[in-house]
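Heads up, the thing below is written out as structure tokens.
Nothing here was measured: the structure is a model prediction, and the numbers come from that model.
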Amino acid sequence: MNRIRAHAQRAKRNVASKKSPDGWILEKQPMTFADENSWSNRDSDVTPLERRTWSAWSILGFWFSDALNIQGWASASAIIAVGLTWRESVYCLIIGSLTVTIPLCMNGAMGAELHVPFPVGARSSFGFYFSRFAVIIRMITALFWHAIQTYTGSTAVTQMIRAIWPSYLNIPNHLPESAGITTQGMVSHFLFWSIQFPILLIPPHKLRWFFVFKTVVVLTACTGTVIGMSQLANGVGDIWDQQATVSGPEKSWLILASMSAMTGSWATMATNVADFTRYLEKPKGVYGQTLFMPAICTLVGVFGIIGTSCSKTVYGEYIWDPLALASQWDGPKGRAAAFFVGFAWAVAQIGTNLSANVISCSNDMVNLWPKYINIQRGVIITTVTGGWIMVPWKIVHSAESLLNFMSALGVFLAPLAAIMACDFWVVRRRAVDVPALYRRQGRYRYNKIGTNWRAAVALIIGVTPNIPGMAAAVNTNINIHGAAYIYDIFYLYGFGSAFFMYSMLSWIFPATETLVRESIHEDVIVVDGVEKINDGVHQPYAYEKNVTTAVEEKESRY
């Protein structure tokens, strides 16, 4: 009884302390390279050895987790819907996903070798303060997509419940039309959010088995859906005989636009992939993505094409959404299958939210407000904001222009990914001073305002020509004439132009003060007059009262 009272009193004091901003301040952790007068916490530090638990197989499971979602299923079928054939759709899938493996591998290697998250790694290329622009763009994207993916997951819960209790679909609606959602939809959304919430709180380095579980469950559901629909249709349908409805230059540009759409869907991960590869035990595990990505995307897309083709034969219309397809299944066997498919896609959406949105957004928040936010608090803020405050059902149903705007954010993400990749591989040749990444006055400050002007110019070159296309995506009434062609290849142009411009500016006007011969992973600190090695992993000595720092600078390349 005394123990219960002690816990209750401690909880009461904790709640009372949260009434003021000081009550939310996190404990300052000494295991860091950060300046003595700045705040940092472990979630933004170099990944400690005990958290480097991922292998190449973990990365495979991770990419399966990210690719196996409803959007991946419908992507190839959507390309067919705009006028191309299934062959051209598959070509776009393969080439588009193969293209995006370049920034994924290049930026993934930065996280795998330096073991730092994306917001920290970006400082070497953008400058200590300008890197926050990249962080904010990525954070906004993650918040919106988390909202959309969460609401999509609620439709999977609807299929699970109606498979057991069909009357669930007949729940009377007590919400006004202006709400943008029905009572039944609100219940499904609340249930999915409540199921997803505790899973999101699992630390990233412990998620590898969840990704494996998702891979098995969703692949089984996809395979079962294809087999079941093929049996109902007595074949694979007639989508294979469908001819292209466009030709000439229009067809060529449509193929390029479809390829760019495939790359654009991975634009977010290509930017912040270091948030996950930092947990790799061996850096070489990151290069398996070159084979994983095209194979996974093509497999899921082909599943979607077959399922969609069969739906035309069985139900008289092409159904692109696998959950809409499952809603057609009745009877004991059909409802059992619908329940399993609903469960699998619910798991799929949770996994995608984990891998592409929540953890990334939380890392961004930790970087921007390290004194008040750690990964766990960031997850809570992200999922409450995205799941409820942003009213995701209105985003999905009432704001087509906003969805187009979110897709258009790829015009910013492509050059951001290009600048980081070029900086790490071409400019620095993978040699980075890790302790300096955490110091405001370190070598990556560049100037008084903490901005690398080379990155700023390259970003402008990569973004500006795509602005008219971005405006037209938001407002379809705007006629941008020939500028639409550049926007059709926004990712290819944004990545290629920014990469070239940043490499040229860095070659002509090198920032020699930021270059080192080889990566620096440690510095020398003095504890009670004795020099010790601080690598940010083993020895949490830095910035105690009796500690002074003497950074061991290695010779510059120039």
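Within a 6.0 Å sphere centred on CZ of Phe500, other residues, nucleotides and ligands contribute 12 heavy atoms or fewer. More than 12 heavy atoms of other residues, nucleotides or ligands lie within 6.0 Å of OH in Tyr129, so this atom counts as buried by the packing criterion.
The two atoms that bring Thr271 and Met420 nearest to each other are O-CE, 3.0 Å, heavy atoms only. Scanning all heavy atoms of the two residues, the minimum distance from Phe495 to Ala418 falls at O-CB, 3.2 Å.
To the nearest 0.5 Å, atoms CD (Glu518) and CZ (Arg430) are separated by 12.5 Å.
The side-chain hydrogen bond (donor to acceptor under 3.5 Å, both in side chains) with Thr514 is formed by just one residue from the set Arg428, Arg445, Arg443; it is Arg428. When the options Phe509, Tyr446, Phe126 are evaluated for a ring pair (Phe, Tyr, Trp, His ring centres under 6.0 Å) with Trp453, the one that passes is Phe509.
Annotation: cation-pi pair Arg123/Phe128 present, NZ/CZ under 6.0 Å from the ring centroid and within 45° of its normal.
Here the side chains of Thr101 and Leu98 are in contact, with some heavy-atom distance below 4.5 Å.
Taking Ser506 as the reference, nothing meets the side chain to side chain donor-acceptor pair (under 3.5 Å) condition, with sequence neighbours excluded.
Under the 30°/60° scheme for interplanar angles, the aromatic rings of Trp388 and Trp193 are found to stand perpendicular.
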**OP:** Mind running side-chain hydrogen bond (donor to acceptor under 3.5 Å, both in side chains) on Asn357 and Gln149 for me, showing each step along the way?
**Re:** CA-CA 9 Å; Asn357 302 318; Gln149 296 282 11; 5.8 Å; no

